[in-house]
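We use all heavy atoms of the structure for the numbers below, so side chains are in, but hydrogens, waters and symmetry mates are not. Naming convention: chains lettered A, B, ... in sequence-line order (proteins, then strands); numbering from 1 in each chain. Only a predicted model underlies this, so the values are computations on that prediction, with no experimental measurement involved.
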2 protein chains.
Amino acid sequence: MATPLSLVAEPRRREILQLIWRQERAAGEIASLLPVTFGAVSQHLRLLREAGLVSMRRDGQRHFYVARPEQFGPLVHVLEAMWVTGLDELKSLAEAEERASARAGRATVRRSSGRKKGHP
Amino acid sequence: MATPLSLVAEPRRREILQLIWRQERAAGEIASLLPVTFGAVSQHLRLLREAGLVSMRRDGQRHFYVARPEQFGPLVHVLEAMWVTGLDELKSLAEAEERASARAGRATVRRSSGRKKGHP
DNA sequence: TTTATATTTTAGTCATCACTAAAATATAAT
DNA sequence: ATTATATTTTAGTGATGACTAAAATATAAA
């Protein structure tokens with residue numbers, strides 16, 4: 001079975017995940033928002049579901065999908081970083097990470113007895 | 001050009017990265033540690049270098065490679081999580097992430113004892 | 001039941017890619 | 001210069017995988 005990492009590495013699947021990250025959507029709606037066939041989307045959803053990365057709820061003839069962020073481990077941060085920066089190609093994702101670390105560092109230091117654990 | 005995410009999704013490249021994560025190694029040494037041809041390794045190194053994920057230093061006839069962790073962004077945590085758990089297939093990587101978040105949450109709420117996430 | 005709607009599944013095509021073997025390039029040693 | 005060592009590059013192969021079109025399945029509406 002495919003690993004979460006390999007599944008997420010595929011751009012089309014990232015698009016799908018973004019569409020159902022916090023919002024439940026029917027398979028047909030997902031497909032209607034993407035420049036590919038219904039069948040293609042269905043195949044992607046199958047893989048994601050088999051890996052436990054999304055869950056499905058059936059209502060009548062419709063199948064509603066939604067992501068399960070807690071199943072992504074550290075990959076959550078990779079995806080969300082890509083999405084907030086807008087550019088999927090994570091151009092300056094390294095810098096974003098840098099800034100995040102700096103923020104976390106300051107927060108930790110400030111809350112903890114004001115000792116400063118210097119970072120470069 | 002390939003994205004860091006797609007490059008890292010390939011198991012063989014993760015093996016290579018693990019070998020040169022903090023330790024510089026000659027191309028030949030890397031190849032000698034893996035069950036593939038010298039040529040195959042060289043091709044992987046080329047892709048990684050083109051993406052800026054590894055750097056190369058030439059010394060005589062040898063080419064020494066080393067990873068550039070700061071270029072991986074949030075992917076660093078994905079890789080290191082895979083490596084500490086031992087299993088590359090990130091079986092229970094989600095739980096690890098869960099625990100990490102819990103720790104971070106507690107650390108933020110109480111006084112953190114100066115222990116910062118990341119490693120020594 | 002018949003028809004429409006929503007989704008999955010199957011078969012086949014095409015591109016990508018990891019790999020091997022061999023040729024090419026480059027530096028060092030004799 | 002020749003030989004050995006270290007690495008890259010090229011050409012070709014096989015497997016994987018994303019996609020389309022069409023067939024199959026399932027539920028709802030007429």
Nearest of [options] to any side-chain atom of [X]?
{"X": "B/L47", "options": "C/dA18, C/dA6, D/dA6", "answer": "C/dA18"}
{"X": "B/S42", "options": "C/dT7, C/dC19, D/dT8", "answer": "D/dT8"}
{"X": "B/V36", "options": "C/dT9, D/dC19, C/dT20", "answer": "C/dT20"}

- Task: Could you grab the distance from atom CD1 of B/I20 to atom CG of B/L53, nearest 0.5 Å is fine?
- Result: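 Rounded to the nearest 0.5 Å, the CD1-CG separation comes to 9.5 Å.
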- Query: Start at the 5' end of DNA chain D and walk down; is the nucleotide closest to B/A27 or to A/R58 reached first?
  - Reply: B/A27
- Starting at the 5' end of DNA chain D, which residue's closest nucleotide do you reach first, B/E29 or A/E10?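 First, find each residue's nearest nucleotide; the 5'-ward one identifies B/E29.
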Which part of the nucleic acid does [X] contact within heavy-atom distance under 4.0 Å: base, sugar-phosphate only, or nothing?
{"X": "A/A26", "result": "sugar-phosphate"}
{"X": "A/G28", "result": "sugar-phosphate"}
{"X": "B/R13", "result": "sugar-phosphate"}

- Message: In this structure, how many angstroms lie between the P atom of C/dT9 and the CZ atom of A/F38, rounded?
- Response: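 Between P of C/dT9 and CZ of A/F38: 12 Å.
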- Message: If I take atom CG in residue A/L45 and atom C1' in nucleotide C/dT7, what distance separates them, rounded to the nearest angstrom?
- Response: 10 Å
- Between the axis at one end of the helix from C/dT1-D/dA30 to C/dT30-D/dA1 and the axis at the other (five pairs apiece), what's the angle to 10 degrees?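 One end's axis against the other's: 0°.
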Please list, for nucleotides 28-30 of chain D, all pairs of protein and nucleotide N/O atoms separated by less than 3.5 Å.
unit_1: D/dA28; atom_1: O4'; unit_2: A/Q61; atom_2: NE2; d: 3.4

- Residue list, side chain to side chain donor-acceptor pair (under 3.5 Å) with A/R12, at least two apart or on another chain: A/E15
Think [X] has a side-chain N or O under 4.0 angstrom from the OP1 or OP2 of [N]?
{"X": "A/T37", "N": "D/dC19", "answer": "no"}
{"X": "B/Y65", "N": "D/dT8", "answer": "yes"}
{"X": "B/R46", "N": "D/dT9", "answer": "yes"}

